[in-house]
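Worksheet for the structure shown next.
Computed from heavy atoms alone, side chains included, the values below leave out hydrogens, waters and symmetry copies.
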Amino acid sequence: MEKTSSTEVSVQDALPTTQPSDLEAKQDGGGIVSDAAILASLGYKQEFKRAFSPVEVFGLGFSIIGVFPSIASVLVFAIPYGGPVALVWGWAICCFFLMFIAFAIAELGSAAPTSGGLYYWTWTFATPRWRNVLSWIVGSSSLMSCIFADSNSIGLIAGLAGVDWGCAVQVMAAVSISTDESFVPTTGQIYGLFIALLICHGIVASLATHVIARLQGFYITFNVLLCLAVIISLAVATPSDFRNSASYAFGGFTKLYDWPNGFAFVLSFLAPLWTVGGFDTAVHISEEATNARTAVPWAIISGVGAAGVLGWAINIALAFNMGKDMESIVSNPIGQPMATILFNSLGRNGTLAIWAVVVVAQFLMGSGSLIAASRQVFAFARDGALPFSRIVCRVNPYTQTPVNAVWSSVLIALLFGLLAFAGPAANSAIFSLAIAGQYIAYAIPIMCRFLGGKAWKPGPFSLGRLGLPVAVVAVSWMIFSIVIVAFPAAPAPDTEGMNYMSVVMGGWVDGSSSASRKHWFNGPQTTLDGGRRSGPITVSNEDSVSSQSDGEKRRDV
């Protein structure tokens, strides 16, 4: 049994001796009451207003994926590595394996729906010797110069930076088209717009929960209609010069770099991996959702599934209607491959009309990304894991939202954006970093669930015996993906062509290891006693066998 200091609060003393599933059985018609009790069984008091319906939880995750604007942002990472084959079959292969990750995360989210999600699950299921370190790695990165991020937050905030950078580039592309390509934006101009977008998103993410929740219905409708509009307009309006045969759309292969064909195709996976991401969005909003143990897993699964199908349809439409000159699409003065394809098909006015809608959709993505990132930062600060935690984790009494966490996330995203000044290749580091950071954070708790030796108490959504094989496939795919996104765009890169993701992630690992040795983080801490933190919540060996006795404790989930 692990020793406990005098300041630590045991599960038995601090928390109800019931499981989330037990509490659900006792609810008396009040989903909100049951959700608050379930959260208490996980060690936390209810601080947010639960205003998200199950459909709105799905809406937040789906809007963050933002199928078409995301594809538009990363098309430059797909076309040079296979052309139509990369778009159609690269997308299909990735989405097949991404569903395994969605199922694995959904099962954990149903068992323990809390804003901390990934690092909380890691601490819950890892062995006593490793739980603090692993939870810290999932939950935190280096604290150099008092700048904080975590492998989950680093993925979420880097994702936010990527979304808003993509939005800034899209706005500049619209300006370029409207000036007949005479305007070519500088990196400084794009960064200035990037700052303005982040500030706008900070304002939106600071709004009251019920306002944010009601926006999700509009987000869902807007994104679906945009996808359908693009597919139909390309099919109807594309000139014959740019129409491709079925054999080319499904089998044409073109590469612009000197990688071997097979490896070039694999490198194109960065596009779908970036687009269909943020599986944990619903988890981070779970403390603001009604019926969270059911709403969270189905939001994850349906969000990934819907995005996969819609995205595949868009990529097929592009493959049929983008012509065969891949180099001209990538190198066009417009500076945005998707805008170039639309320009060739729809002309100047048609492209500007569609592109205006794309920019709005990308903006909506950014607001959702910041909402998810800020809730993760809030949760980590609530457990005392960040510098200035007591300030960062404060909930605004008027809006009942973590306003300080919102603006902390904005600050970190601004710093990530500075990578763009390192050169064009550094832009891809923002996208690669988002993928690698999130996959590290996803893989560790999934592995800990099966390797940590703790009892497993499933929620309403359970894979049963399929849980282990699904987890094996999910983790294997994530490890493979992390390796792939670390590669540079072309072989033998120079300083400007280097993929800086490995440098940033290396610094994160080193900082995380140093911080964990200094015992900065002692695990999730209860907030049930009225104070912000009452000390770490410890789990004894006796607590770990709760499913076999009537002494069930919350840490067995």
Side-chain angles (χ1 to χ4, degrees), residues 70-71 73-98 101 141 151 154-155 158-159 161-163 165-166 169 253-278 315 326-327 329-331 337 416-443 473-510:
S70 288
I71 292 175
S73 293
V74 293
L75 198 61
V76 68
F77 301 125
I79 289 178
Y81 300 102
V85 166
L87 293 179
V88 176
W89 301 116
W91 181 277
I93 292 171
C94 283
C95 287
F96 173 77
F97 287 104
L98 290 174
I101 305 175
S141 93
S151 109
I154 205 172
V163 168
W165 188 266
V169 171
F253 184 89
T254 303
K255 64 175 183 177
L256 303 182
Y257 298 106
D258 294 331
W259 294 108
N261 289 355
F263 193 71
F265 173 71
V266 170
L267 290 179
S268 73
F269 289 176
L270 173 60
L273 293 177
W274 157 261
T275 302
V276 188
N315 280 303
M326 300 296 110
E327 186 170 0
I329 293 175
V330 174
S331 60
F416 275 125
L418 292 173
L419 279 172
F421 289 96
N427 292 341
S428 66
I430 297 176
F431 296 94
S432 299
L433 185 63
I435 295 169
Q438 289 195 49
Y439 282 0
I440 290 172
Y442 295 166
V473 174
V475 172
S476 299
W477 176 256
M478 286 187 282
I479 293 173
F480 169 75
S481 299
I482 291 171
V483 173
I484 290 303
V485 299
F487 276 83
D494 55 16
T495 303
E496 292 185 356
M498 178 182 175
N499 186 334
Y500 288 88
M501 185 213 79
S502 56
V503 177
V504 177
M505 290 301 294
W508 161 71
V509 171
D510 180 67

State, yes or no, whether a side-chain contact exists between Val485 and Trp274 at a heavy-atom distance under 4.5 Å. no
Find out whether Trp259 and Phe487 are in side-chain contact, i.e. whether some heavy atom of one side chain is under 4.5 Å from a heavy atom of the other.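 Trp259 vs Phe487: side chains touch.
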Applying side-chain contact (heavy atoms from CB on, under 4.5 Å), name anything that partners Val475, two or more places apart in sequence or on another chain.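 Checked Val475 against side-chain contact (heavy atoms from CB on, under 4.5 Å); matches are Ala443, Ile446, Met447, Met478, Ile479.
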Taking side-chain contact (heavy atoms from CB on, under 4.5 Å) as the test, write out the residues that go with Ile484, two or more places apart.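 Counting only residues at least two positions away or on another chain, Ile484 forms a side-chain contact (heavy atoms from CB on, under 4.5 Å) with Phe263, Val266, Leu267, Phe480.
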Nearest non-hydrogen partners of [X] and [Y], listed with the distance:
X	Y	value
Ala264	Lys255	CB-CD, 4.4 Å
Leu75	Pro80	O-CD, 4.2 Å
Pro337	Val330	CG-CA, 4.4 Å
Met326	Gly83	SD-CA, 4.1 Å
Gly90	Pro272	O-CG, 4.0 Å
Val74	Thr275	CG2-OG1, 3.6 Å

Any chance you could measure [X], atom [atom1], to [Y], atom [atom2], to the nearest 0.5 Å?
X	Y	atom1	atom2	value
Phe96	Trp477	CZ	CH2	10.0 Å
Leu273	Cys95	CG	SG	9.0 Å
Trp91	Leu98	CH2	CG	9.0 Å

Ser268 side chain to Phe265 main-chain N or O, any donor-acceptor pair under 3.5 Å? yes
Not counting sequence neighbours, which residues clear ring pair (Phe, Tyr, Trp, His ring centres under 6.0 Å) with Tyr81? List them please.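 Result, ring pair (Phe, Tyr, Trp, His ring centres under 6.0 Å) vs Tyr81: Tyr257.
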